[in-house]
Structure formats: structure tokens, C-alpha cells
Novice: 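Questions regarding the structure given below will be posed in turn.
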Amino acid sequence: TELFVDGVSGNDGNNGLTPTTALRTVDAAWQRIPQGATLSGTGYRVNFAAGTYPESSLPNYWESRRGTYQFPIIFRPLPGAGTVTFGGDINMFDTSYFYLFDINVAPSPAGDAFHCEACDHVLLRRVVLNGGARAAHETVKINQSQHIYIEDSDIHGAEDNAIDFVAVQYGHIVRNRIHDAQDWCAYVKGGSAYITVESNEIYDCGTGGFTAGQGSGFEFMTAPWIHYEAYDIKFINNIIHDTEGAAFGVNGGFNILLAHNTASRVGSRDHVIEIVFGYRSCDGNAAEC
């Protein structure tokens with residue numbers, strides 16, 4: 001099912017099925033996708049006219065939309081349109097087979113751009129995720145999810161991490177620019193597993209470029225990946241530059257490959273490569289821990 005959205009000439013009272021009967025808001029298009037049921041018979045491709053869609057146009061909470069391999073949910077610019085910008089964040093929960101293509105996410109005021117919890121089969125391709133001048137806590141945060149893919153994108157602007165994966169299994173982070181964060185540019189931790197991080201440019205961060213593992217609240221890890229911070233992570237063919245700390249490392253990992261990476265102007269405040277223990281805490285839910 002093709003849906004069309006135009007923030008200037010659209011109207012949420014329209015059927016949204018053609019460019020001349022476009023909806024006006026992102027939220028109206030999201031509400032046309034059935035909630036809480038696995039899609040069968042049709043997927044949804046939402047096409048956006050060029051322009052900026054303010055925070056008030058977006059869903060407050062992107063929840064329980066369940067596409068499938070055959071019937072996915074795709075958000076993209078209308079073919080031939082100019083730049084499409086979402087002026088608010090995407091805060092997503094319990095969503096499957098969601099693909100975001102060629103859209104800028106730049107919250108105003110600046111902050112976290114994309115969060116997905118309990119999601120599976122999410123693809124971000126050729127997107128710009130903009131946390132502002134390190135105004136985001138984490139520009140991209142994915143937790144307790146599987147099959148997460150980030151490709152050919154620009155992700156930046158966090159006072160903590162530009163990319164933070166916690167308890168994420170299966171996926172890849174490839175051919176991106178990941179930069180401008182106060183802590184690590186990116187890490188995969190909390191029992192994250194089977195992830196390839198390849199051919200990225202990683203730069204302008206504080207603690208370091210990339211680490212497999214770190215430290216996690218035990219209640220946020222998912223069985224059976226609860227012994228190590230990271231399992232079977234492949235960090236290969238990346239360029240890392242201008243980090244105050246280590247270019248890359250392992251903090252409590254098992255079967256981690258670091259190969260064919262290039263680092264320059266890194267480790268000015270400590271070391272170039274970091275291989276250390278991970279650590280564990282309990283962040284409040286003592287019964288679960």
C-alpha cells in the first residue's frame with residue numbers, strides 16, 4: 001500500500017493514497033498502519049514530499065507496528081523529491097521490518113534522534129541522524145533488539161555515544177560516518193552478539209572510537225548472552241581518527257576480531273588500543289539482577 005505525505009499541501013482528512021490526496025503529518029501515515037498485528041496481505045510504503053516535518057507532525061511514540069519480510073514498512077522521500085527532514089525524534093518500541101531510507105532526523109530542540117527497544121529487522125540506510133552540538137545523550141540507541149542494520153549514514157552529535165547498542169544480536173554497521181561524541185563514538189555492549197562493524201569513518205570523539213563491550217546493568221541483558229559484554233563482533237576495515245582515547249578496543253568480549261583498521265591522531269590522552277575487563281552493575285532492579 002503506497003501512502004503519500006506532504007507537509008505543505010496535504011490534509012490528514014485525505015485518504016493519502018495519491019500525491020494529490022496526500023496526508024499532512026507523519027503521525028497520520030503511521031496511524032494508517034495497523035497496530036499490534038503482524039501484517040499480512042500488504043506492506044506499507046510511505047512517500048514524503050520534500051520539506052521539514054516538525055516534532056508536532058511526528059508520532060509521540062512509534063509502537064507495535066509489525067511488518068514481515070514479505071510485507072515491510074518503508075519510509076522514504078517521494079522519488080525525485082528534495083531533502084526530507086524530521087524535526088523530532090523517532091522513539092520506537094516493539095516494531096518489526098521497519099526501513100528508513102534517505103531521511104534526515106534532526107530533533108528541534110536538538111537531542112536523541114533514533115531509539116528502538118524490543119525491535120527486530122530494522123534498516124537505516126542513507127539517513128542523517130543529527131544530535132546537534134553534542135546535545136543528544138545518545139544519537140542512536142538500540143536495546144534488547146535483533147537484526148539491526150545501519151548503512152551509508154551520518155550519525156553524530158552526542159554528549160555520550162553516537163551509537164549505543166545494548167543487548168542487540170545480529171546485524172551490521174557499515175559504510176557510515178560516526179563522529180562528534182564526548183564518550184565512545186560507538187559501542188556494542190550488554191551481551192550484543194554477531195555484529196559486523198565495517199568500512200566506517202569514526203572520528204572526533206572523547207573516550208575513544210569503538211569498543212566491543214563496556215559495562216551494563218545486568219537487568220538489561222538478555223539470555224543466553226549474559227556472561228560477556230560482547231560476542232563474535234567483527235570490527236574490520238574502518239578508519240578511526242582524532243579521538244582523545246583509544247581508537248578501538250574490547251571491554252569484556254568473547255571471540256572479537258579487530259582487523260585491517262587504520263588509526264591516526266588517536267590516544268592523545270592515554271593509549272591507542274584498549275583490551276580490558278568489562279564490568280557489571282545493577283541499575284535498580286535488584287530482583288531481576
Novice: Would you call the rings of Tyr170 and Trp225 parallel, tilted or perpendicular, where under 30° means parallel and over 60° means perpendicular?
Specialist: perpendicular
Novice: Yes or no on side-chain contact (heavy atoms from CB on, under 4.5 Å) for Leu39 and Tyr44, after CA distance, side-chain angles and deciding distance?
Specialist: CA-CA 9 Å; Leu39 297 183; Tyr44 289 84; 3.9 Å; yes
Novice: Test ring pair (Phe, Tyr, Trp, His ring centres under 6.0 Å) on Tyr231 and Tyr194 and set out the steps.
Specialist: CA-CA 6 Å; Tyr231 298 77; Tyr194 322 122; 7.4 Å; no
Novice: Strictly below 4.0 Å, N to O, side chains only: are Arg134 and Asp160 in salt-bridge contact?
Specialist: no
Novice: Should the pair Asp152-Arg125 be classified as a salt bridge under the 4.0 Å nitrogen-to-oxygen rule?
Specialist: no
Novice: We want to know whether Asp89 and His115 form a side-chain donor-acceptor pair, criterion being a heavy-atom distance below 3.5 angstrom.
Specialist: no
Novice: Can you list the steps and then say if Arg76 with Asn47 is a side-chain contact (heavy atoms from CB on, under 4.5 Å)?
Specialist: CA-CA 5 Å; Arg76 67 170 188 174; Asn47 304 276; 2.7 Å; yes
Novice: State whether a side-chain donor-acceptor pair under 3.5 Å links Gln169 with Gln146.
Specialist: yes
Novice: Is it true that Asn200 and Arg177 share a donor-acceptor pair across their side chains at a distance under 3.5 Å?
Specialist: no
Novice: Could you list the donor-acceptor pairs under 3.5 angstrom formed between side-chain atoms of residues 97-110 and any protein atom two or more places apart in sequence or on another chain?
Specialist:
residue: Tyr97; atom: OH; partner: His121; partner atom: NE2; Å: 3.3
residue: Asp102; atom: OD1; partner: Arg126; partner atom: NE; Å: 2.6
residue: Asp102; atom: OD2; partner: Arg126; partner atom: NE; Å: 3.4
residue: Asp102; atom: OD2; partner: Arg126; partner atom: NH2; Å: 2.9

Novice: Among Phe114, Phe93, Phe75, whose ring-ring contact (aromatic ring centres under 6.0 Å, His included) with Trp62 holds?
Specialist: Phe75
Novice: Can you tell me if Asp270 has over 12 outside heavy atoms packed within less than 6.0 Å of its CG?
Specialist: yes
Novice: Under 4.0 Å between a Lys/Arg side-chain N and an Asp/Glu carboxylate O for Glu229 and Lys189?
Specialist: no
Novice: Between His156 and His179, how do the two ring planes meet: parallel, tilted or perpendicular, split at 30° and 60°?
Specialist: parallel
Novice: Determine whether more than 12 heavy atoms belonging to other residues, nucleotides or ligands lie under 6.0 Å from atom NE2 of His260.
Specialist: no
Novice: Near Phe277 CZ, under 6.0 Å, is it more than 12 heavy atoms from other residues, nucleotides or ligands?
Specialist: no
Novice: Side chains of Glu274 and Asn251: is there a donor and an acceptor less than 3.5 Å apart?
Specialist: yes
Novice: Taking atom types as modelled and ignoring hydrogens, do the side chains of Ser145 and Glu117 form a donor-acceptor contact shorter than 3.5 angstrom?
Specialist: no
Novice: Distance alone, cut at 3.5 Å: any donor-acceptor contact between the side chains of Asp12 and Thr25?
Specialist: yes
Novice: With a 4.5 Å limit on heavy-atom distance, are the side chains of Phe4 and Leu17 in contact?
Specialist: no
Novice: Keeping to residues at least two apart or across chains, list the salt bridge (charged side-chain N to carboxylate O under 4.0 Å, His left out) pairs with something in residues 15-37.
Specialist: none
Novice: Pick out which of Asp164, Asp183, Val166 makes a side chain to side chain contact (heavy atoms under 4.5 Å, CB included) with Glu138.
Specialist: Asp164
Novice: Less than 3.5 Å apart, any donor N or O on the side chain of His137 or Asn161 sitting next to an acceptor on the other?
Specialist: no
